[in-house]
Amino acid sequence: MPFCPPYAMSRPPLYLFYLLFCFFSLISGIQPADLQILMKLKSALQTSNGTSAFKSWESSNSMCNFTGITCNSDGSVTEIELSRQNLTGVLPLDSICQLQSLEKLSFGFNNLHGPIMDDLNNCFKLLYLDLGNNLFLGWSAPDISSLSRLQYLYLNRSGLSGSFPWKSLQNMTGLVRLSLGHNLFNPSPFPNDVLQLTNLTWIHLSNCSIQGTIPAEIGNLKELINLELSCNNMTGEIPVEIGNLVNLWQVDLLNNSFTGKLPVGLRNLSKLERFDVSMNSIEGDLSVLRFLSNLVSLELFENKFSGQIPTEFGEFKKLVNLTLNKNNFTGPLPQNLGSWAKVNKISVSYNFFTGPIPPDMCKQGTIKGLYMHHNNLTGEIPANFVNCFTLLEFRINDNLLSGTVPAGIWGLPNLLIFDISSNSMEGPITSDIKHAKSLVALRAENNRLSGELPAEISEATSLVSILLNDNLLQGKLLIPTSPITIFRISINRLTGEIPYMICNASFLKIFDVSNNSLSGKIPQCLGNFSNRLWVLNLQMNNFHGLIPDTFAKCNGLELLVFNDNHLGGLLPKSLLNCTNLAVIDLGNNMINDIFPYWLEALPKLEVLALNSNKFRGPIGNHNTSGMFFSKLRILDLGNNKINDFFPYWLEALPNLQILVLKSNIFHGPVGNHNTRGMFFSKLQILDLSYNEFTGFLPKNYFENLNSMMINDEGKNESQYFGKRHYYQDSVVVTIKNFETKLSRILTIFTTIDLSSNKFEGEIPEVLGRLTVLRLLNLSHNNLTNHIPPSLANMSRLESLDLSSNRLTGQIPIQLTSLTFLAVINLSRNQLIGPIPEGKQFGTFENDSYEGNLGLCGFPLSMKCNSNELLPPPPLPSIFQEDKDLKFASGFGWKVVLMGYGCGLLFGVTMGWVAFKRGKPQWLIRFVEGKRKEKVRRCNNQRPRKRRN
């Protein structure tokens, strides 16, 4: 700055000259200094996308004309406004804060990084500071206590962390807006320093680690318009003092842990337009909200609210956004809901609402999202919904709706997602669907839709996902021409062949046409038409011919399900190209081949079901290195013609849970070798029945069945094997000489069936260690000696069949402790003495014990009043057929249902099916022996005689 010499008071003209000279010298000194600072700022920052924020920043231009610069009348810089300019670099606050007149510093929405330096304190004249929405990652906020004149502070989403200097706010008594949200500050309670700033109108402290309760003193901030505390760790109840803040326009407490009820003071907030307390644990009803007629957005989802929705909500003329999903609301919805306001979205899903759908939610012609799924709504879809032309998403699935879908709804022009699944909707899919040019996802599964799939569906050119399974659709299969990725139309009544248009569906990921009456040959292109395909399900149809041998390399196929058809020939070797295969289910076909040992090369294979075919020959005795079939969980080779010794290589499969080798020609001993190790530790279902196995029972295997020893009390009884959405693990069990498919297998279901073989020797005591075994069948063997009392330790046992052996001695009285036992069959042995009394044994009938002439007591007619017991007569060959013996071929399923405790196999599994399908008469018919579903006898529908 130029030196100003002293002036003489006695010479006024000279005084004026010096005064003007000093003034202009001062001005000329400030402006070059400010310009130099701005040019340094320009050199420190860059634009990330070539924007021209600094294009005008040239020394030849007046700095007051620079982009983003404002000067006062003296020509000094007062404002720098460079927000949203894609700037990068480190902010040179050491020089910026030398601008002596700077009042506004705004660099929000850029990509600035590095520290916010302590030099910021030198900007002591600042009224407005915005450094929000930047990348100051890993740096702490500096102390800014010298900025006492600050009125607006924006540091939200700036990447700051560490402890925030809350005490530096104490001197900012004029602060109007405080925005610090979405920074990873250290956890702290609600800052008391903020509660002293009585001029605040705006608090944004969302997602910045605030914890504890909202202080009652919040009621002192009576100028407050906006309160945002979402996404923190706040607890306790919303304070009643919030009712003092009568100027509030928005309250956002989303995603905390607030409890209690809504405070009654909320009814005072007549100016409130936006209220969000979603994702908390607040309970009670909404009665206090019925006075807030100015509400525009009300979001209460994921809480514990209950009761009915106030009818006043239907009169709110500004309410455009209502989200109440995932609560416990009951009763009907206000029937005039949405009829007055220009509604944008209504979401009331996952509650217990009843009654009809409000009919006028499309009245104003603005609604875009309607979500009413997972309730108990009844009635029909309102007819005037055909006028919902603005609707983008319409989800009313999982309700109790009925009637016919109004024809025009199928063709709403802007609809993206249409989901009416899991209701009782009837009628056809109409040709109006040709107008649904925007439709991406069509979900109508689990209804009663009928008629044929309209050809016009191909004109819905945006369709990507079609789910129409579990309906009554009939006629021929149509393949849309749109870029379809999911196509499920299973469990319908479709006939005819798969059209060759399927070969053009190159985007297809899931193709499921199972459980229909389709026929013909499988198109060869199914092996290579789409490298995106990962589910191919054709089960339960009438396809014949060969399995395509065109599976291409690098395909994504994970599930190949062709069971219950009439497919024959050999297994195609091109399956080796499907290296992602996890499930191969080809059961119940006519495939005539040797065991496909080469499938061991598939590294992800979990399920291999080849049951009920014509596989033959040996299955090999592999090197037990564990490098083959290493992920296999289920191996089902039942009902084939395999002639081999027990495949000891199975011992090396660490994940095996289900092993079914029944009804083959396996022979020789099982287990009891000298090899040490953990065998079958995860096995839960073992079925070796109807073979020619000899020797002793495999004691060393029983010792390793850990999954049958672990206490299952903590297991959820509604969980099932297999976690794949498009495939459910299943198994076929033999009940009264019939094979019945359990379409789902409870994770608590365990069974050992070694019946109808030639095992000999005694029953190992170690079986008693299988404490969670549910079913045990050792019938029709040549077992001798006593029934071990240790079987009483099998506390979960529901069915025990030891019939048709040579067991001797008395029935252990310890077995009366088996409180879950619903079925017992000890017939056709050489047992003697009194039948134990009490508990479950009081429910069993004569046929559980017949053929043991040395037994006495209830329920037999022979009383135990003689000092001498009749010696057991010699038995004929234990493999002799006895057509009159009720238990000659396994458990009697009527007894399973009638026995005390209602055994797991039918009491849980069949009960679940009856509940799911809503058809108890189906179960009744099953019990009465009139079941009409497919039931196949052992060994491909042929009754199998006992071997002599």
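All residue numbers in this chain count up from 1 along the given sequence.
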>> Could you go through Phe615 and Phe595, starting from their C-alpha distance and side-chain angles, then the distance that decides it, and tell me whether this counts as ring pair (Phe, Tyr, Trp, His ring centres under 6.0 Å)?
In response: CA-CA 6 Å; Phe615 286 98; Phe595 176 74; 7.4 Å; no
So does [Y] get a backbone contact from the side chain of [X], meaning a donor-acceptor N/O pair under 3.5 Å?
X      : Y      : value
Asp593 : Leu571 : yes
Asn664 : Phe666 : no
Asn691 : Asn757 : no
Asn613 : Leu586 : yes
Asn565 : Asn541 : yes
Asn640 : Leu610 : yes
Asn639 : Asn611 : no
Asn793 : Thr771 : no
Asn589 : Ile591 : no
Asn805 : Leu778 : yes

> For Asp801, which of Ser848, Ser779, Ser827 qualifies under side-chain contact (heavy atoms from CB on, under 4.5 Å)?
Replying inline: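 Checked Ser848, Ser779, Ser827 against Asp801; only one passes side-chain contact (heavy atoms from CB on, under 4.5 Å): Ser779.
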>> Quick one, Thr750 with Ile685, criterion side chain to side chain contact (heavy atoms under 4.5 Å, CB included). Give me CA distance, side-chain angles, the key distance, then yes/no.
In response: CA-CA 5 Å; Thr750 52; Ile685 296 177; over 6 Å; no
Mind checking whether [X] and [Y] have side chains closer than 4.5 Å, heavy atoms only?
X      : Y      : answer
Leu791 : Leu767 : yes
Leu831 : Ile787 : yes
Leu860 : Tyr849 : yes
Asn700 : Phe679 : yes
Trp598 : Lys573 : yes
Phe696 : Pro764 : no
Leu783 : Leu807 : yes
Leu635 : Leu650 : yes

> Can Glu606 and Lys631 be said to form a salt bridge (Lys or Arg N to Asp or Glu O under 4.0 Å), step by step?
Replying inline: CA-CA 5 Å; Glu606 296 181 20; Lys631 293 191 175 181; over 6 Å; no
Cut-off 3.5 Å, side chains only: do [X] and [Y] have a donor facing an acceptor?
X      : Y      : value
Asn785 : Glu762 : yes
Ser790 : Glu765 : yes
Gln539 : Asn563 : yes
Asn706 : Lys682 : no

> What's the verdict on side chain to side chain contact (heavy atoms under 4.5 Å, CB included) for Leu581 and Leu575, showing C-alpha distance, side-chain angles and the deciding distance?
Replying inline: CA-CA 9 Å; Leu581 265 178; Leu575 285 175; 4.3 Å; yes
> Is there a side chain to side chain contact (heavy atoms under 4.5 Å, CB included) between Leu608 and Leu632 once you walk through the steps?
Replying inline: CA-CA 8 Å; Leu608 179 58; Leu632 200 65; 4.0 Å; yes
> What is the ring orientation for Phe680 with Tyr701, classed by angle as parallel under 30°, tilted 30 to 60°, or perpendicular over 60°?
Replying inline: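 Judged by the thresholds at 30° and 60°, the geometry between Phe680 and Tyr701 is perpendicular.
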>> With rounding to the nearest 0.5 angstrom, report the OG1 to CD distance, Thr843 to Glu845.
In response: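 Thr843 atom OG1 to Glu845 atom CD measures 8.5 Å (nearest 0.5 Å).
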>> Please report the interatomic distance CD1(Ile584) to CD(Glu558), rounded to the nearest 0.5 Å.
In response: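 One finds 12.5 Å between CD1 of Ile584 and CD of Glu558.
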> Which heavy atom of Leu776 sits nearest a heavy atom of Met794, and at what distance?
Replying inline: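 In terms of heavy atoms, the two residues are closest at CD2-CE, 3.9 Å.
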>> Under 6.0 Å between ring centres: does that hold for His667 and Phe693?
In response: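 So the answer is no for these two rings.
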> Out of Arg616, Lys614, Lys641, which one pairs with Asn592 under the side-chain hydrogen bond (donor to acceptor under 3.5 Å, both in side chains) rule?
Replying inline: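 Exactly one candidate clears the test, Arg616.
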> side chain to side chain donor-acceptor pair (under 3.5 Å) with Arg769: which residues, sequence neighbours excluded?
Replying inline: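 By the side chain to side chain donor-acceptor pair (under 3.5 Å) rule, Arg769 matches no residue at all.
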